[in-house]
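Attaching a single structure in structure tokens format; questions to follow.
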Amino acid sequence: MRKVLIPTKLDKFAATLLSDKGYQVVLDATTPLPELVAAHADTEVLIVRSEKITPEIIDQLPKLKLIVRAGAGFNTIDIKYARKKDIDVMNTPGANSNAVAEEVIAMMLAVSRHLLPADASTRTGAWEKSKFMGHELTGKTVGILGLGNIGQLLVKRLSGFEVKVLGFDPILSPALADKLGVKLSTIEEIFAEADFISLHIPENDETRGLVNRRLFELMKPGAVLINCARSGILNEDDLRAIKAEKKIFFCNDVYPKDAPGPKPIADLADITLPHLGANTYEANFTAARRAAEQTIAYFEQGVTNFVVNKALPDGLSAKFQQLAYVLTSLARIYLGKEGNPSRVETSYYGELAKFDKYMLSPIAAALAEEFAPDQTPTDAAHFFAECGIEVVNREVDNDKRYGKAMTIDLFAGDNPIRKAGARGTITENQLMISRLNDFDQLYLEPTGHHLFVEYEDQPGVIGRIAGILGEKNINIIDIRAPHDVKSGKSLTVVKTNVEVPEVLVDKIKETVNAIHAFQFTYQP
Ligand code: NAD
Ligand code: MLT
């Protein structure tokens, strides 16, 4: 019987669901965590909310396999240490988003109409109508940083107020932004133009301290800043230094530590709540149900979709990640030397569609040597954001019957836009590139050394390439030679026993008057 430890105030429904499925559940929100883990060292699953899960806690649970964060933010869990110990960490994305979106709207209205101070004043017998003259939300500009589950829902909930929404999120495609009615903007534009700014990004190494003086200085006088995300993303001292001068209103829900006691932010915030964002019966119930359901699905069906600290989920062969790497590497060479692409468009066919985010790291690794292909999808999303590379996952037409296949297209430049791309699949457990740019039916297994030569079609080219290689004692193992009828171009790909030296590549290029000629080596 697997033991599940729930050391937090989580709706009892999680314990009921798990017990019904035969798990042994310990639900105890009062005993301190170190004591609890010491008493239940045979725990296999830990379901937590904002409790800090440190290496010390993990080390006390040698049988631990899974940590479930019943909520969204997992900055309180040492996910890297968990990975080192082969422990999967999941969250329950979206389970409490509506509660937070509604809290943000409550704060916007409350601060705009001075509800809290007006209530306190009226109770004293005062009648301060002119002091509490307010503003309306309708028709204003709202800026949202982070358009994930909460950010997107906030846009939806705001729709009745007819506001203009500016948004920034590195992984939001222009198509989805359009659908949501969000004007994609830079962080600076959001801070300079919005009347209300709401933060909905995770706290991590990239976002810690991101919202600081540089941005506060851009804000309009009287603008409202709302932080219902995490305290670490906002520099409170910077805000304190500029708040009065700029007449900024600040609404806060989050702290470095959730605990009673004086709050250093008390003088700074116009509204400050005890981390109430997800504190509704509905959200607590949904997060509890999702945590239990995800635990059961993880152990009974191997469902790992919500794991946040794994580069390769169960059900996805590492070969598909190798394929994403190779397709991107080849497309990158075709794109030319002048810098990285500004956009990557991907299509994942068949069952691969559900693993799209796990291809991001190999794609990033093919574009930048310093990025390791086994980094997490979150690392990859940050890499693309930092480099200003937009990633668009296209809807696919599965009627094409490509099976489990993928296409990766890279775009660079504005005028003209340069495009290079490749499609591939895995057949008989081998990587297979079926298309490179407009050369269909390539059917190339890319492992080893390959010489690629593209040229205006003419007879005798393959013979001349073979002759030059033969003169240097280079053995040809295989040849692929697709032709593109539309452009009249041909591509010859020669698999060789050794790498073709650069001087020889240049000689071949010159001899056959090639458009492109390059050597490509892939050793998995
Ligand atoms: P989510 O993962 O669905 O969305 C987060 C979004 O932020 C993603 O789309 C991501 O691409 C984007 N992002 C990451 N770095 C960014 C950056 N530098 N600039 C702009 N966008 C960036 O998560 P969510 O459910 O929307 O929750 C967001 C955060 O809110 C959580 O990480 C959590 O810390 C916090 N949260 C607080 C409460 C509360 O009770 N106050 C409740 C739930 C979540
Ligand atoms: C979250 O990240 O889900 C929240 O901060 C909500 C919570 O656990 O209270």
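Everything numeric here is computed off the predicted structure, so don't read it as measured data. Every number for a ligand or one of its atoms is a count from 1 in the order of the listing.
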task: Enumerate the atoms of ligand 1 whose separation from the nearest heavy atom of His200 is less than 4.0 angstrom.
output: 5 (C), 6 (C), 7 (O), 28 (C)
- request: Please answer whether the main-chain N or O of Val45 pairs with a side-chain N or O of Thr43 as donor and acceptor at a distance below 3.5 Å.
  value: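 Absent.
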query: Counting heavy atoms only, which part of Asn279 comes closer than 4.0 Å to ligand 2: side chain, backbone, both or neither?
result: neither
message: On a heavy-atom basis, I'd like to know which of Val100, Leu210, Ile187, Asn252 is closest to atom 42 (C) of ligand 1.
response: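 It is Val100 that holds the nearest heavy atom.
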Proximal ligand 1 atoms for Phe168, defined as those under 4.0 Å from one of its heavy atoms: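 Atoms satisfying the 4.0 Å criterion: 19 (N), 20 (C), 21 (N).
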- prompt: So which bit of Glu51 gets within less than 4.0 Å of ligand 2, heavy atoms only: side chain, backbone, both or neither?
  reply: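 Neither; no heavy atom under 4.0 Å.
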- prompt: With a 4.0 Å cut-off, would you call Arg213 and Asp237 a salt bridge?
  reply: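 Asp237 and Arg213: not salt-bridged.
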query: Which bit of His382 is near ligand 1, meaning a heavy atom under 4.0 Å away: side chain, backbone, both or neither?
result: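 Side chain only.
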message: How far is atom 5 (O) of ligand 2 from the closest protein heavy atom, and which atom is that?
response: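 For this ligand atom, the closest protein heavy atom is His275 NE2, 2.7 Å.
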- request: Indicate, as side chain, backbone, both or neither, the part of Glu203 found under 4.0 angstrom from ligand 1 when only non-hydrogen atoms are considered.
  value: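 Neither part.
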message: Need the ligand 2 atom indices (1-based, order shown) with element for anything under 4.0 Å from a heavy-atom of Asn96.
response: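 Within the 4.0 Å cut-off of Asn96, ligand 2 contributes 1 (C), 3 (O), 6 (C).
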Modelled atom types, side-chain donor and acceptor of Asp78 and Thr54, under 3.5 Å: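 Note: Asp78 and Thr54 side chains miss the donor-acceptor criterion.
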task: Return yes when atom CZ of Arg289 has more than 12 non-hydrogen atoms of other residues, nucleotides or ligands closer than 6.0 Å, and no otherwise.
output: yes
message: Please list, in number order, the atoms of ligand 1 under 4.0 Å from a heavy atom of His275.
response: 39 (C), 40 (O), 41 (N)
query: Are Arg83 and Asp88 close enough for a salt bridge, meaning some N to O gap below 4.0 Å?
result: yes
field: Quiz item: cation-pi between Arg394 and Tyr348, 6.0 Å / 45°
entry: no
- request: Provide the number and element of each atom of ligand 2 under 4.0 Å from a heavy atom of Gly73.
  value: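 Atoms satisfying the 4.0 Å criterion: 1 (C), 2 (O), 3 (O).
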query: Ion pair present between Lys246 and Glu217, side-chain N to carboxylate O less than 4.0 angstrom?
result: no
- request: For the pair Asn91 (side chain) and Arg69 (backbone), establish whether a donor and an acceptor sit closer than 3.5 Å, ignoring hydrogens and angles.
  value: no
task: Starting from atom 32 (O) of ligand 1, locate the nearest protein heavy atom and write down its residue, its atom name and how far away it is, to 0.1 Å.
output: Pro202 CA, 3.3 Å
statement: Checking heavy atoms under 4.0 Å, the part of Ala72 that sits near ligand 2 is both
- prompt: Between Lys3 and Asp42, is there a salt bridge with N-O shorter than 4.0 Å?
  reply: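 Counted as a salt bridge, because a side-chain N and a carboxylate O are separated by less than 4.0 Å.
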- prompt: If you measure every N/O of Asn75 against every N/O of ligand 1, is any gap under 3.5 Å?
  reply: no
message: Could you tell me, atom by atom, which parts of ligand 1 come under 4.0 Å of a heavy atom of Gly146?
response: 7 (O), 20 (C), 21 (N)
statement: The closest protein heavy-atom partner of atom 16 (C) of ligand 1 is Ile201 CG2, 3.7 Å
- line: heavy-atom search around atom 6 (C) of ligand 1 in the protein gives Asp169 OD2, 3.5 Å
field: 4.0 Å heavy-atom contact, Ala381 with ligand 1
entry: no
task: For Gly71, counting its heavy atoms only, list the atoms of ligand 2 lying under 4.0 Å from any of them.
output: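 Near Gly71, meaning under 4.0 Å from one of its heavy atoms, ligand 2 has 3 (O).
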query: Cation over ring, Arg343 on Phe411, under 6.0 Å and within 45°?
result: yes
query: Among Val104, Ile150, Asp258, which residue places a heavy atom closest to atom 27 (O) of ligand 1?
result: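 When every heavy atom of Val104, Ile150, Asp258 is considered, Ile150 comes closest to atom 27 (O) of ligand 1.
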message: Can you confirm whether His275 is buried at NE2, in the sense that more than 12 heavy atoms of other residues, nucleotides or ligands lie under 6.0 Å from that atom?
response: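 Buried by this count: over 12 neighbours within 6.0 Å.
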Stepwise side chain to side chain contact (heavy atoms under 4.5 Å, CB included) test for Val48 and Val68: CA-CA 6 Å; Val48 294; Val68 185; over 6 Å; no
- request: Output the list of atoms in ligand 1 that are nearer than 4.0 Å to some heavy atom of Asp253, sorted by atom number.
  value: 39 (C), 40 (O), 41 (N)
query: Strictly by modelled atom types, are His382 and Asp205 linked by a side-chain donor-acceptor pair under 3.5 Å?
result: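 Their side chains do not contain a donor-acceptor pair, so the 3.5 Å distance test is not met.
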field: Ala72 neighbourhood, listing ligand 1 atoms whose heavy-atom distance to it stays under 4.0 Å
entry: 25 (O), 43 (C), 44 (C)
message: Checking Thr8 against Glu51: is there a side-chain donor and acceptor pair closer than 3.5 Å?
response: yes
query: Would a search of protein heavy atoms around atom 24 (P) of ligand 1 find one under 4.0 Å away?
result: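 At least one protein heavy atom is under 4.0 Å away.
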query: At a 4.0 Å threshold, what atoms of ligand 2 neighbour a non-hydrogen atom of Arg230?
result: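 Answer for ligand 2: 1 (C), 2 (O), 4 (C), 5 (O).
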task: Taking all heavy atoms of Ala70 and all of Thr92, pick out the closest pair and write down the distance.
output: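 That would be C-OG1, 3.7 Å.
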task: Identify the protein heavy atom lying closest to atom 35 (C) of ligand 1, giving its residue, its atom name and the separation to 0.1 Å.
output: Ala229 O, 3.6 Å
- request: Go through ligand 1 atom by atom and flag the ones less than 4.0 Å from a non-hydrogen atom of Thr207.
  value: 15 (N), 18 (N)
task: Check each heavy atom of Asn204 against ligand 1 and say whether those closer than 4.0 Å belong to the side chain, the backbone, both or neither.
output: neither
- request: Starting from atom 4 (C) of ligand 2, find the nearest protein heavy-atom neighbour and note its residue, name and distance.
  value: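 Ranked first by proximity to atom 4 (C) of ligand 2 is Arg69 NH2, 3.4 Å.
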task: Could you tell me the residue and atom name of the protein heavy atom closest to atom 43 (C) of ligand 1, and the distance to it rounded to 0.1 Å?
output: Asn96 OD1, 3.3 Å
- prompt: Can you tell me the protein heavy atom closest to atom 6 (C) of ligand 2 and the distance?
  reply: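 The closest one turns out to be Ala278 CB, 3.5 Å.
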task: Mark yes when over 12 heavy atoms from residues, nucleotides or ligands other than Lys247 sit less than 6.0 Å from its NZ; otherwise mark no.
output: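 No, because the 6.0 Å sphere around NZ of Lys247 holds 12 heavy atoms or fewer from other groups.
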task: Check each of Cys228, Gly232, Gly277, Gly73 against atom 37 (C) of ligand 1 and report the one with the nearest heavy atom.
output: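 Nearest option to atom 37 (C) of ligand 1, by heavy atoms: Cys228.
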statement: Counting from 1 in the order shown, the ligand 1 atoms closer than 4.0 Å to a non-hydrogen atom of Gly148 are 3 (O), 4 (O), 6 (C), 9 (O), 26 (O)
- prompt: With a 4.0 Å cut-off on heavy atoms, is Glu206 touching ligand 1?
  reply: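 So Glu206 does not count as touching ligand 1.
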N-O pairing of Glu136 and Lys140 below 4.0 Å: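 Between Lys140 and Glu136 there is no salt bridge, as every charged N stays at least 4.0 Å from the carboxylate O atoms.
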query: Do Asp195 and Lys164 sit within salt-bridge range, that is, some charged N less than 4.0 Å from a carboxylate O?
result: no
